[in-house]
Amino acid sequence: MIRKTFLPILILLLGAMGAETQQNKQKVLWQKLQDEIHSIDKHLDGVLGLAVKDLTSGEEFLINGDEVMPQASSIKIAVLAELYRQAGQNKLKLIDEYVVRKEDLVPGSNIMLGLTPGVTRITLRDLATMMVAVSDNSATNVLIERVGMENVNSMLEGLGLHATRLRRKMMDLKAASEGRENVSTPREMMALLETIYRGKLLGTGMKDDFFKILSTPKESSMLQGLPEDAVAANKPGELEAVRNDSGIIFVKNRPYVLCVMTTYLKDEKEGAAAIRKIAQLTYSYFDRVGRASEYGRVVSPK
């Protein structure tokens, strides 16, 4: 009778020991990742903000996580989120049409500037695709006008994101000169992306399409640091002395959030290089952990 009682307990103990051993080895690898990123930060002539979150284990790693930093075009993630939130509430439809107007066109709009005002009709979803894929500023401004800047900020406030704010439209140089910058922190941008990933802001259908749009191929330092077949839903942003990239990388079995923000850069190329390297390092870690056995063996497909 004692043997029968002891056997299941022994099995449980051995299982717990195995899980603890796996956890210990992963912690060593996780610490090495942090050390390598700290080295990148140390050698960057500028200020680095970083948030990494393992969406499986919940582990986080932050550098200057609560520093408010300029977002440039990365703030378009918040605009996209509000567009899909309103679509989910039937306040608008993604297939609602917009007729191109000359007065809506601003610099940094490679697609919209080539369309015919008063004639070309495109859907809100088309505008969202332009906003993400080529960072079209005119498309972004039309969407901001449609969803309402105050509604974007109300949504952010409702999520407890008190530092993240959309304060001006794209290419509003007067507002920028007055200090009205679009801002966030690494922690808050990470929280926004995780909230959407967990289905806490958008229903399943809207969430899936949101990430489909955000995964549209684009010019991005983060994507340049990932393998060609990697899937990432991200939005880069750049201004003078600023390079950012934030998103979710959908590594099999181990998706994670990565938000990298750089400012006060002496050389913007260094900021872009730092984002590429951090993307490469984090992907390597999560890919190995996602494919490894409890002992750390990785079996690659042939």
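- Tested against K212, the residues D208, T216, D209 include a single side-chain contact (heavy atoms from CB on, under 4.5 Å) partner, D209.
- If you take CD1 on I248 and OH on Y256, they are separated by 11.5 Å, rounding to the nearest 0.5 Å.
- Under the 4.5 Å side-chain heavy-atom criterion for grouping Ile, Leu, Val, Met, Phe, Trp and Tyr, I77 is not connected to V183 through any hydrophobic cluster.
- Under the 4.5 Å side-chain heavy-atom criterion for grouping Ile, Leu, Val, Met, Phe, Trp and Tyr, F250 is not connected to L258 through any hydrophobic cluster.
- Judged purely by atom type and a 3.5 angstrom limit, E188 uses its side chain to pair as donor or acceptor with the backbone of A163.
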(request) Please lay out, stage by stage, how L80 and L214 fare under the test side-chain contact (heavy atoms from CB on, under 4.5 Å). (result) CA-CA 9 Å; L80 188 68; L214 202 57; 4.0 Å; yes
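- Looking only at atom types and distance, the side chain of K76 has a donor-acceptor partner in the side chain of S135 under 3.5 Å away.
- One distance of note links CG of L115 with CG of L105; it measures 8.0 Å at 0.5 Å rounding.
- For the atom pair CD1 of I144 and CG of L127, the computed distance is 11.5 Å after rounding to the nearest 0.5 Å.
- Side-chain contact of T123 with D126: a donor-acceptor pair under 3.5 Å is present, judged by distance alone.
- K207 and T204 form no side-chain donor-acceptor contact under 3.5 Å, judged by distance and modelled atom types alone.
- N153 and E157 form no side-chain donor-acceptor contact under 3.5 Å, judged by distance and modelled atom types alone.
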(request) Under the side-chain hydrogen bond (donor to acceptor under 3.5 Å, both in side chains) rule, what do N137 and T140 come out as? Steps first, then yes or no, please. (result) CA-CA 5 Å; N137 288 325; T140 304; 4.9 Å; no
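- Using a cutoff of 4.0 Å between basic side-chain nitrogens and carboxylate oxygens, D245 and K235 are not scored as salt-bridged.
- Using a 3.5 Å distance cut-off with no hydrogens or angles, the side chains of Y98 and D104 do pair a donor with an acceptor.
- Surrounding CD of E240 are at most 12 heavy atoms belonging to other residues, nucleotides or ligands under 6.0 Å away.
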